[in-house]
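What follows is one structure encoded as structure tokens, with my remarks underneath.
Numbering of residues begins at 1 and proceeds along the displayed sequence.
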Amino acid sequence: MLEDRRSFSMLDLIYQLIWRMCMIVTIAFLITRLNLFRQMIYQRLSWKGKIVMIFVFGSFGVIGNYTGIVIHPDVSNVSFNRLEENIGSFKAIADTRNIGVILGGLFGGPAVGLGAGMIAGGHRYFLGGFISTATLLLTVFGGLIAGLINRKIAYKKEIQPSFILMISTLILSIEIILIPLFTESYEVAVLLIKLTGLPIIIVNSIGIWICALIFYNVLREEEKVKALQTQKALFIANKTLPFFRQGLDEYSCEKVARILCTYTNADSVAITDLNKVLAHIGKGKEYDHLLQVHDQEAMRHVLQTGEIFILKSMPEFDHIPFNWPLKAVIIIPLLIREKPVGTLKLYYTRSYKLNDAEKELAEGLIMLLSTQLEIGEAERHKVLLQNAEIKALQAQIHPHFLFNSLNVIAALCKRDPLFARKLLIQLSTFLRNNTSMTRQTLIPIEKEMETVLAYFSLEQARFPERFVLETKIDPSIETALIPPFTIQPLVENAIVHGFSERCENETVQITIVNEEGFLNISIKDNGVGISSERLKLLGSKEIISNKGTGIAIQNIKERLSLVFGPEALFSIKSQVNKGTDITIVIPLQYERGVQLSDNSLLS
């Protein structure tokens, strides 16, 4: 409420204004809680944000007007030109409205400064007084000038509190000096600014400076918290790196969950793949089966969108005991090549524990943990390709295969030189493809089939009329991409192992079709089949036996998983003495402008 004072000293006026200024400073501190305030400091506001901040800083000015002090200057010694001049009409208000207006301009730009000046100046105009028009115009002028200064400075870091103090003092001084020029009673206006000018400049400038200090101190504290959270996230990432590089399995996930449970505020940590919980450490572990049902919808949302899901109040549901310990959860997607492959769940026993700092830590962990998974995938892919290359090189120099092929070709040179020439070309194609394709992640189907046909031709030459290869491939998908050495090793397995105990009617059928955007690859033989006990282990680990180790199938499965993720399917069906059917389903992919390497036939 306005206070009417008729006689006091300049020091008394400064003292009274300081009390008013403290109220504005307190409100300024509350503004720092607004998210829009942080946007105003670090980036340009949207028009909606600008309108909000205009009213916020304009309200500063209105409060400054209401808490002002009414001044009645002593005009007894002033001579007036007009006899009708009413001496009682000479009153003014010493206030702190300019704190909000100039702050709005310096931090929010011309639009905020101008808008706040119009609100605060307009309100001051309706309070009356012989300088009301001057205060309206000059308040708007001050906000606009402060806003233009904001726009001229390219980097907000240059607007430091000391600079703000200097600029605000200059703007306020210009406003005070110009007041007499916009009033009819020039002498009274000069008398007024002699009394109130210096206190208004001092108190308002100090108020603006203190508010700027509050703004920047709050922001620096926020930056420190972010820096600490970043440091914490990096520390956690350093701890988890050795384990997540091994992939998303139960062992690595358990180790990572223990680390997160130790170094975060979470009371419980769970890690899942796309379907099930791989590890859960901390409180509530005994309720895994209930959590999986309860979080199913949230997990589906996270896996579909790749976004964080936060639930600060976990609702009650059936079969949950009264002492249910977990009250809040944050679910983080784990990504590989921007595709979700699992989730990380951080549970809290109290909702208040899930604060902004924990959210920022979670956002940092998304990138770091996902990068670790990608690194691990790349390393495993590299190892698998190296293994495939080694196996290919071994096949090239395998004495039995190479010598048998050369012996067959040598025997045919006199009896059937044209056929010998054809086999020599097939051997060259097989060896060349074995060398070149090991350096590629994906190759066209036609290139893989070229290797298959070359291998099969050499084996068929050794055992004439024993093997039959039947192929059914849709011509439209011959350029579709698959990992190298996907089909050839399976055909080799069928010949070497599937037909090892038979000598007639040995058939391998290869079928590749397009089924709704997926390649369906089937390699079927009518060999001796695989026992159910061996079938359970085949492809999951190396098997020590005199019939082979199964490492080729394991290598193919892992490479398919690395390239296509959960979209790749690999299944084996087999019956003893009836044969084996291997099915591979992968997403249909083409590469634009695929340039096939020059593997033209020798002439």
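Contact check for Y263 versus K239: side-chain heavy atoms found under the 4.5 Å cut-off. Looking at heavy atoms from C-beta onward, D273 lies out of side-chain contact with V341 at the 4.5 angstrom threshold. The closest side-chain heavy-atom distance from K194 to V190 is below 4.5 Å. Annotation: side chain of R258 is not in contact with side chain of L260 (no heavy-atom distance under 4.5 Å). Between W19 and T67, the closest side-chain pair of non-hydrogen atoms is not below 4.5 Å. Taking 4.5 Å as the limit, some side-chain heavy atom of V329 sits within range of a side-chain heavy atom of I331. You'll find the side chain of I167 stays beyond 4.5 Å of the side chain of I145, heavy atoms only. Side-chain contact check for M21 versus Q16: every heavy-atom pair is 4.5 Å or farther apart.
T305 pairs by the side-chain hydrogen bond (donor to acceptor under 3.5 Å, both in side chains) definition with nothing, not counting sequence neighbours. Taking T272 as the reference, T343 meet the side-chain hydrogen bond (donor to acceptor under 3.5 Å, both in side chains) condition, with sequence neighbours excluded. With sequence neighbours left out, the side-chain hydrogen bond (donor to acceptor under 3.5 Å, both in side chains) criterion links S132 to no other residue. Partners of S168 according to the side-chain hydrogen bond (donor to acceptor under 3.5 Å, both in side chains) rule, which considers only residues two or more places apart in sequence or in another chain, do not exist here.
Here the closest non-hydrogen pair linking N150 and L106 is ND2-O, 2.8 Å. Closest approach of L481 and Y590 over heavy atoms only: CD1-C, 4.0 Å. Pairing each heavy atom of A189 with each of T183, the nearest pair is CB-OG1, 3.5 Å. The two residues F107 and I164 come nearest to each other via the heavy atoms CZ-CD1, 3.6 Å. Of all heavy-atom pairs spanning F564 and P587, the tightest one is CD2-CD, 3.5 Å. In terms of heavy atoms, I54 sits closest to V112 at CG1-CA, 3.6 Å.
Between the CG atom in L334 and the CD1 atom in I271 there is a gap of 7.0 Å [rounded to 0.5 Å]. Note: T139 OG1 to L114 CG = 11.5 Å, rounded to the nearest 0.5 Å. Rounding to the nearest 0.5 Å gives a distance of 10.0 Å between CZ of F130 and OG1 of T135. Taking NE2 of H123 as the start and CD1 of I63 as the end, the distance is 10.0 Å to the nearest 0.5 Å. Taking CG of L369 as the start and CD1 of I332 as the end, the distance is 7.5 Å to the nearest 0.5 Å. The distance from atom OG1 of T133 to atom CZ of R124, rounded to the nearest 0.5 Å, is 9.5 Å.
When the shell of 6.0 Å around CZ of F182 is examined, it contains more than 12 heavy atoms from other residues, nucleotides or ligands.
Counting only residues at least two apart or in different chains, salt bridge (charged side-chain N to carboxylate O under 4.0 Å, His left out) contacts with residues 22-32 are absent.
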- Query: Should F57 and I119 be marked as a side-chain contact (heavy atoms from CB on, under 4.5 Å) after you check the CA-CA gap, both sets of side-chain angles, and the distance that decides it?
  - Reply: CA-CA 9 Å; F57 285 102; I119 292 175; over 6 Å; no

- Task: Run the numbers on K283 and T349 for side-chain contact (heavy atoms from CB on, under 4.5 Å), then give the verdict.
- Result: CA-CA 8 Å; K283 297 181 179 179; T349 56; 3.8 Å; yes

- Where do V52 and W47 land on the side-chain contact (heavy atoms from CB on, under 4.5 Å) test, with the steps shown first? CA-CA 9 Å; V52 172; W47 276 108; over 6 Å; no

- Step by step, work out the side-chain contact (heavy atoms from CB on, under 4.5 Å) result for N98 and E175. CA-CA 10 Å; N98 281 296; E175 288 187 29; 3.2 Å; yes

List the atom pairs, with distances to 0.1 Å, where a side-chain N or O of residues 204-212 and a protein N or O form a donor-acceptor pair under 3.5 Å, not counting sequence neighbours.
residue: N204; atom: ND2; partner: D95; partner atom: O; Å: 3.3
residue: N204; atom: ND2; partner: I200; partner atom: O; Å: 2.8
residue: S205; atom: OG; partner: T169; partner atom: OG1; Å: 3.1
residue: S205; atom: OG; partner: I201; partner atom: O; Å: 2.7

